[in-house]
Student: 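Let me give you the structure first, and then I'll get to my questions.
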Amino acid sequence: NAGVTQTPKFQVLKTGQSMTLQCAQDMNHNSMYWYRQDPGMGLRLIYYSASEGTTDKGEVPNGYNVSRLNKREFSLRLESAAPSQTSVYFCASTFTETQYFGPGTRLLVL
Amino acid sequence: KNEVEQSPQNLTAQEGEFITINCSYSVGISALHWLQQHPGGGIVSLFMLSSGKKKHGRLIATINIQEKHSSLHITASHPRDSAVYICAVRGYGGSQGNLIFGKGTKLSVKP
């Protein structure tokens with residue numbers, strides 16, 4: 001089992017560019033989440049998907065869109081990147097309250 | 001005021017010492033999590049508590065619901081325990097991953 005995988009590991013964007021962060025899990029979990037982690041702040045929830053076909057906003061959804069493509073995959077899209085979106089992004093899935101995190105994507109927006 | 005406060009923010013210990021990290025929260029919760037973030041950035045789940053106490057190896061987590069407080073203890077600390085320890089809570093009615101996170105406690109254990 002690979003667990004939760006994320007691509008890319010690192011990305012540099014210019015302001016206004018778009019990109020999609022990919023996340024996949026092979027544990028057959030229903031629930032998946034996208035968080036961002038910024039220096040001096042705790043992890044914050046961007047969007048989540050309780051099951052295939054459903055998505056909901058978290059604490060900081062502005063500037064992001066998500067797609068739950070199937071049970072395995074949950075992608076996060078930045079349509080027009082801004083410097084404020086410079087962060088480390090973590091995808092996670094849950095099973096009976098245990099969180100499984102991906103390795104993270106470090107995003108720098110110039 | 002943050003809904004989840006951790007103390008201390010930074011902690012340096014000598015190998016073998018007993019370590020305590022504290023977490024206080026201000027909301028009603030249905031679950032509290034302790035997570036470990038390795039120096040390389042990866043995050044792993046250590047415990048989920050809704051009451052009482054849990055133990056796994058040298059790690060012990062306790063929670064006092066009335067006092068809205070949880071502690072994470074590490075016995076016989078080792079340099080490999082060096083990491084950021086994160087407390088997170090799930091409020092009533094929230095989904096399993098809809099957590100409120102503390103800012104973390106950075107632990108450094110010196111040999």
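All values derive from a computational prediction rather than experimental measurement. Naming: A, B, ... by sequence-line order, numbering from 1 per chain.
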Student: If you take all heavy atoms of B:F101 and A:L43, which pair is closest and at what distance?
Tutor: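 Result for this residue pair: CD1-O, 3.1 Å.
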
Student: Examine whether an atom of A:Y100 lies under 4.5 Å from a heavy atom of chain B, and if so say whether it belongs to the side chain, the backbone or both; otherwise answer neither.
Tutor: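 Nothing of A:Y100, per the 4.5 Å heavy-atom cut-off to chain B.
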
Student: Identify whether A:V4 and A:M32 are in the same connected component of the hydrophobic contact network (ILVMFWY, side-chain heavy atoms under 4.5 Å).
Tutor: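 They do not share one cluster, since no chain of ILVMFWY contacts under 4.5 Å joins A:V4 to A:M32.
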
Student: Closest approach of B:S45 and A:Q99, non-hydrogen atoms and distance?
Tutor: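 In terms of heavy atoms, the two residues are closest at CB-O, 3.4 Å.
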
Student: Tell me, for B:I100 versus chain A, whether the close heavy atoms (under 4.5 Å) come from the side chain, the backbone, both or neither.
Tutor: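 No part of B:I100 comes within 4.5 Å of chain A.
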
Student: For residues A:V88 and A:V66: do they belong to one hydrophobic cluster (side chain heavy atoms under 4.5 Å, members Ile, Leu, Val, Met, Phe, Trp, Tyr)?
Tutor: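 In one cluster with A:V88: A:V66, no.
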
Student: To the nearest 0.5 Å, what is the distance between OH (A:Y35) and CG (B:L99)?
Tutor: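 Here the rounded value is 4.5 Å.
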
Student: Determine whether A:V60 and A:V109 fall in the same hydrophobic cluster, where Ile, Leu, Val, Met, Phe, Trp and Tyr are linked whenever their side-chain heavy atoms lie under 4.5 Å apart.
Tutor: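 Result: yes, single cluster for both.
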
Student: Taking the side chain as everything from C-beta on, heavy atoms only, tell me whether A:F101 gets closer than 4.5 Å to B:V44.
Tutor: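 Result no, sub-4.5 Å side-chain heavy-atom pair not found.
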
Student: Measure distances from A:Q37 to the heavy atoms of chain B and classify the residue's part below 4.5 Å as side chain, backbone, both or neither.
Tutor: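 The side chain, not the backbone.
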
Student: How far does NE2 of B:H33 sit from OG1 of A:T94, to the nearest 0.5 angstrom?
Tutor: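 Separation between the atoms: 8.5 Å.
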
Student: Counting heavy atoms not belonging to A:R106, are there more than 12 under 6.0 Å from its CZ?
Tutor: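 Check fails, neighbour count at 12 or below.
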
Student: How about CD on B:Q9, more than 12 heavy atoms from neighbouring residues, nucleotides or ligands closer than 6.0 Å, or not?
Tutor: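 Not buried by this count: 12 neighbours or fewer within 6.0 Å.
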
Student: Are there more than 12 heavy atoms of other residues, nucleotides or ligands under 6.0 Å from atom NZ of B:K106?
Tutor: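 Open: at most 12 neighbouring heavy atoms sit under 6.0 Å from NZ of B:K106.
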
